[in-house]
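What's counted below: heavy atoms across the whole structure, side chains too, no hydrogens, waters or symmetry copies.
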Amino acid sequence: SVKSSKDEDVPAGFEEEMEHSTDHLSGSGTTLVRALNLAIHPGMPLMITGSNGAGKTAIARVLAGLWTPGGAAASITRPTAESTEDGNRSRPGVFVVPQRAYMVSGSLLEQVIYPHTLGEFYSLYEGKAEEGLRELQGILAAAHLGYLVEREGGWGTVNGGEKQRMALSRVFYHRPKFAVLDECTSAVSSDVEGQMYEHAKSLGISHITVSLRPSLTKYHTHLLTLTGDGTGSWTFTPIFSSSATSTTSTPSVTTGSKEGTGSGDLTRVLEEIRTLEAKLSEAEGGRLE
């Protein structure tokens, strides 16, 4: 079992879940998140939200293994990689997509398969490169980038545009168990965004989204809200939506807040998010002027 900072037992779930127990996440002497303790199961897409500076990206970095949670009792258990059903490819346990995707200095093919190399790609398909390229063409189409091959005259070159959709095409190619999406669709239209979330769902990818966009809640089953009030408190609420994937497992949760988790609280949280999003848009507009 995993223990929180209050030494409360949290039963371990089945093997392919992601468990996170931490005393606190902090920086510059400020506690961002305190006593966060939950398990994320496959088929349980989670949305992490809260005001700017509340600690959303900090959680994403801990899930990615870039940061370690603080506290003597803090721990995180991530799912391991495994072979796909055909046995030809390793499926990552966790794949992280940041808001600003890294673009390699190479071909369009290398952009899609990153962090795989060309050698790994050709080894994977063992003389059936054309079959692999057809698969990649389908992946680009799912990311609404199907026109790139023709526009760029083949798989040899690529320009610096369409970066966020390119990053999502990598998720479709690698097919991880969990994909941590940190504001990575902020420059994508809402209709295309929705289609890409649905495609990820069809591939069996459980997404953990960091975002302030209320329109994304319908693609998730649970909402983790960071209050950002300096106390490190948070709330965890279910989202009732026909678009989100249902889950038969009940996560083990130790809340870090005394607030309720009913539908009224969810409505209040979403209203706060909309207000914050409007203020953020106004601030960005002022900077552009």
Fill in the blank from the handout: Nearest heavy-atom contact between Thr217 and Met47 is CG2-SD, 3.6 Å

Practice task
Report yes if some heavy atom in the side chain of Pro176 is under 4.5 Å from a heavy atom in the side chain of Val94; otherwise report no.
Solution key: no

Problem - Nearest heavy atoms of Thr49 and Ser211, plus distance in Å - result: OG1-O, 3.0 Å

Practice task
Working to the nearest 0.5 Å, report the span between CE of Met196 and NE2 of His207.
Solution key: 12.0 Å

Completion exercise
In terms of heavy-atom contacts, Ala167 and Ala101 come closest through CB-CB, 3.6 Å

Exercise for the section: Would you mind reporting whether His222 and Pro238 have side-chain heavy atoms less than 4.5 Å apart? Expected result: yes

Problem - Polar side-chain atom of Arg91 near backbone of Arg175 as donor-acceptor pair, under 3.5 Å - result: yes

Practice task
Mark yes or no for whether Lys56, through its side chain, and Gly50, through its backbone, hold a donor-acceptor pair below 3.5 Å.
Solution key: yes

Practice task
Check the angle between the aromatic planes of Tyr173 and His116 and answer parallel, tilted or perpendicular using the 30° and 60° thresholds.
Solution key: perpendicular

Completion exercise
dist His220:NE2 -> Ile208:CD1 (nearest 0.5 Å) comes out at 9.0 Å

Practice task
Decide side-chain hydrogen bond (donor to acceptor under 3.5 Å, both in side chains) for Thr209 and Tyr197; before the verdict, give the C-alpha distance in whole Å, the side-chain angles of both, and the deciding distance to 0.1 Å.
Solution key: CA-CA 10 Å; Thr209 303; Tyr197 267 93; 2.9 Å; yes

Problem - Side chain proximity check, Leu140 to Leu136, heavy atoms < 4.5 angstrom - result: no

Problem - Thr227 side-chain N/O to Ser233 backbone N/O, donor-acceptor pair under 3.5 Å - result: yes

Problem - Close side-chain approach of Ser186 and Gln99, heavy atoms under 4.5 Å - result: yes

Problem - pair Arg100-Lys163: side-chain heavy atoms closer than 4.5 Å - result: no

Practice task
Check for a donor-acceptor pair, side chain of Arg78 on one end and backbone N or O of Leu63 on the other, with a separation under 3.5 Å.
Solution key: yes

Exercise for the section: Check step by step if side-chain contact (heavy atoms from CB on, under 4.5 Å) holds for Glu198 and Tyr219. Expected result: CA-CA 8 Å; Glu198 291 293 348; Tyr219 304 111; 3.8 Å; yes

Problem - Arg165 and Val188: CA distance, side-chain angles, deciding distance, side-chain contact (heavy atoms from CB on, under 4.5 Å) verdict - result: CA-CA 7 Å; Arg165 281 179 285 165; Val188 177; 4.1 Å; yes

Problem - Ring centroid separation Phe172 to His199 under 6.0 Å - result: yes

Handout entry: For Gln195, side-chain hydrogen bond (donor to acceptor under 3.5 Å, both in side chains) partners two or more places apart
Key = His144

Exercise for the section: Identify the two heavy atoms, one from Ala54 and one from Gly228, that lie closest to each other, and give their separation to 0.1 Å. Expected result: CB-CA, 3.8 Å

Handout entry: Any Met44 side-chain heavy atom under 4.5 Å of Ser206 side chain
Key = no

Handout entry: Spatial distance of atom CG (Leu223) from atom CH2 (Trp234) [nearest 0.5 Å]
Key = 12.0 Å

Practice task
Report yes if the side chains of Leu145 and Met166 come closer than 4.5 Å at any heavy-atom pair, otherwise no.
Solution key: yes

Handout entry: From CZ (Phe121) to CD (Glu110), nearest 0.5 Å
Key = 11.0 Å

Exercise for the section: Kindly indicate whether the side chain of Ile59, heavy atoms from C-beta on, has any atom under 4.5 Å from the side chain of Leu226. Expected result: yes

Problem - Nearest-0.5 Å distance that lies between atom CD in Glu183 and atom CG in Leu212 - result: 5.5 Å

Exercise for the section: For Gln137 and Gly146, indicate whether the former's side chain and the latter's backbone hold a donor-acceptor pair under 3.5 Å. Expected result: yes

Practice task
Report the distance from atom CD1 of Ile205 to atom CG of Leu181, rounding to the nearest 0.5 Å.
Solution key: 9.0 Å

Problem - Pair Glu193 + Arg213: basic N to acidic O under 4.0 Å - result: yes

Handout entry: Results of salt bridge (charged side-chain N to carboxylate O under 4.0 Å, His left out) for Glu120 - residues two or more places apart only
Key = none

Fill in the blank from the handout: Scanning both residues in full, the closest heavy-atom pair of Phe178 with Pro42 reads CZ-N, 3.8 Å

Exercise for the section: Could you check Leu36 against Leu224 for side-chain contact (heavy atoms from CB on, under 4.5 Å), going step by step and ending with a plain yes or no? Expected result: CA-CA 10 Å; Leu36 178 60; Leu224 173 63; 4.1 Å; yes

Practice task
May I ask you to decide if Tyr114's main-chain N or O and His174's side chain share a donor-acceptor pair within less than 3.5 Å?
Solution key: yes

